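Shown next, in C-alpha cells, is the structure this report addresses.
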Protein chains: 2
Amino acid sequence: MKRTSIGQVECPVARALDKIGDWWSLLIIRDAFDGMRRFGEFQRSLGISKGILTARLKHLVAIGVLEMTPISDEDGYQEYLLTDKGRDLFLVTVSLRQWGEDHCFGKSEHHSVLVEKANGQRVQRLALRGRDGKEISESATFVRKVADTPRRPHNPKRRRAARR
Amino acid sequence: MKRTSIGQVECPVARALDKIGDWWSLLIIRDAFDGMRRFGEFQRSLGISKGILTARLKHLVAIGVLEMTPISDEDGYQEYLLTDKGRDLFLVTVSLRQWGEDHCFGKSEHHSVLVEKANGQRVQRLALRGRDGKEISESATFVRKVADTPRRPHNPKRRRAARR
DNA sequence: CAGTATCCCCCCTGATACTG
DNA sequence: CAGTATCAGGGGGGATACTG
C-alpha cells in the first residue's frame, strides 16, 4: 500500500523529508556528528534493532549521506562516515536541537548543549536573515512557487496548479 | 511492539524528533506556514488519507503546535492555526529546505524559494554563529553532555554514562 | 466540507538465532 | 564485532463508505 510519494514535488522541504525524514535517519546522523562511526556504537546509542539499523545505514549510504570505508589494515570491518552532503545536514540537527531545548524540557531538566571548541561557550541561536543580513521573522517571508516565479520576457502560458 | 522511546533522553534533538519527527507532521506544519488552515486544504495538498490526517492534526494540537479555533460565526467548522510553539519550528523547515535545495534537485529542475515580502529577494542561507557572531563550521563545535557540564564548586561524584 | 468508522494490507519494528 | 536471516505483531497507511 505504498506511502504517498512526496519525493517529486517542487518543494525542497518535501524532498528533503522524503530522503531523511524517517524516525531513525536524523538520529543516526546526529550520532555521526557526535563522532560515532561503528555499527555497534550506533546500535548501543540508539537502542535500535540490528535489522533496522542495517537498513537505515544502507539507505543513508545509498543516498550519499554516509560512506563506508574499510577500517585501516584491520580485516573486514567498516566505518560509516559523513559525506559532505551528510555534513550539510548539520543545521537541520541544530534547528531541531534549538526547538527541543525550548519546548521539550521541563524547568528542572537538563539537556546537552552545543558549544564552541574554541571557548566552550554555547553557539548562538540560529536566525533567519534577509539579503541585507538583518534578522527577519517568519511573517516577513513567503514561499514563491515555481509557477509564480517571474520568467524571461516571452512568457509561455504560465504553468498553473503545480503542487508547491 | 512499541517503538523504542526516544523522548526521555537528554538530547534535545531526540526529544524534538520524538514529537514532530514522523513522516507527516513537518509537512503539515510547512503547509500551515504557507497559510493553510482547513482540513481539506491539508488533505488536498498532501494527498494524505483522511484518517491519518485526523490523527496527525490531533497529535499536533495535543502537543501544542497547532490550535483549533472555530471559524468565526460559521457553524461547526474549525481552523488549525500554528501556535507560538509551532511557529518556532520555522527554522527547522528552513534548514530542511536549504538542504533539499542543495541536494535534492537536478540541474534542470526548479523548486519553490523562500523570499522576503519586503523586496521579493531570497533570504540568506542559514549559518551557525559563535558567541561573537562570527560564522563557524560544524567541526568547530561539539555537544557537551549534561554529565560533562561543569558544576558548582563542591562537585558530587560526577554522574557518568548518561545517554546524551 | 469535515470528519468518523471500517477494512485490510503491508512494512516497520523488535527479538532472537545464526554466521564469519 | 558486524552483520544476515527469519519470524511475529502492531500500527501506519490508503481506500471507501457513511454522517452531520
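What you see is a predicted model; the values in this text were computed from it and never measured.
- Whole-Å rounding puts the B:Ile48 CD1 to D:dG13 P distance at 7 Å.
- In this structure, B:Glu79 atom CD and C:dG3 atom C1' are separated by 16 Å, rounded to whole Å.
- Between the side chain of A:Trp23 and the backbone N or O of B:Trp23 there is no donor-acceptor pair closer than 3.5 Å.
- With hydrogens and angles ignored, the 3.5 Å screen pairs a side-chain donor or acceptor of A:Glu41 with a backbone N or O of A:Arg38.
- Residue B:Tyr80 is in sugar-phosphate contact alone, with no base atom involved, counting any heavy-atom pair closer than 4.0 Å across all strands shown.
- Geometrically, B:Arg15 engages A:Phe105 in a cation-pi contact defined by less than 6.0 Å to the ring centre and at most 45° from the axis.
- Proximity of a side-chain donor or acceptor of B:Ser25 to a complementary backbone N or O of B:Gly21 within less than 3.5 Å is not detected.
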For DNA chain C, the dot-bracket notation using Watson-Crick and G-U wobble pairs below 3.5 Å, [ ] for pseudoknot-type crossings and | for other-strand pairs, is ||||||||||||||||||||

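- Proximity of residues 51-60 of chain B to DNA chain C (heavy atom under 4.0 angstrom from any strand atom) is restricted to B:Thr54, B:Lys58.
- Checking the phosphate oxygens (OP1, OP2) of D:dA2, a side-chain nitrogen or oxygen of A:Arg38 falls inside 4.0 Å.
- The interatomic distance linking A:Arg44 (CZ) with C:dG14 (C1') rounds to 18 Å, in whole Å.
- Atom pair B:Glu41:CD and C:dA2:P shows a separation of 8 Å (rounding to whole Å applied).
- One N or O on the side chain of A:Lys85 and one on the backbone of A:Ile63 form a donor-acceptor pair closer than 3.5 Å.
- At least one donor-acceptor pair closer than 3.5 Å links the side chain of B:Glu116 to the backbone N or O of A:Arg131.
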Atom pairs, N/O to N/O, protein against nucleotides 18-20 of chain D, distance under 3.5 Å?
unit_1: D:dG20; atom_1: N2; unit_2: B:Tyr77; atom_2: OH; d: 3.0

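- In this entry the distance linking CG of B:Asp22 with P of C:dT13 reads 12 Å, nearest Å.
- Going from atom CD of B:Gln43 over to atom P of D:dA15 covers 10 Å, rounded to whole Å.
- Among C:dA15, C:dA2, D:dA15, the nucleotide with an atom closest to any side-chain atom of A:Ser49 is C:dA15.
- Taking 4.5 Å as the limit, some side-chain heavy atom of A:Leu53 sits within range of a side-chain heavy atom of A:Ile28.
- Contact between B:Arg97 and A:Val143 at its shortest, heavy atoms only, is NH2-CG1, 3.6 Å.
- Considering only heavy atoms from C-beta on, A:Thr83 stays 4.5 Å or farther from A:Leu66 through its side chain.
- Looking at B:Arg87 and A:Ser137, their side chains never bring a donor and an acceptor atom within 3.5 Å of each other.
- Nucleotide C:dG3 holds its P atom 15 Å from the CG atom of B:Leu46, rounded to whole Å.
- The closest donor-acceptor contact from the side chain of A:His103 to the backbone of B:Val65 lies at 3.5 Å or more, if one exists at all.
- Judged by distance alone, with hydrogens and angles left aside, the side-chain atoms of A:Gln43 form no donor-acceptor pair with the main-chain N or O of A:Gly40 at under 3.5 Å.
- When the nucleotides C:dG14, D:dC1, D:dG14 are ranked by their closest atom to the side chain of A:Trp24, C:dG14 comes out on top.
- Summarising the geometry, the separation between CE on B:Met68 and P on C:dA2 is reported as 11 Å, rounded to the nearest angstrom.
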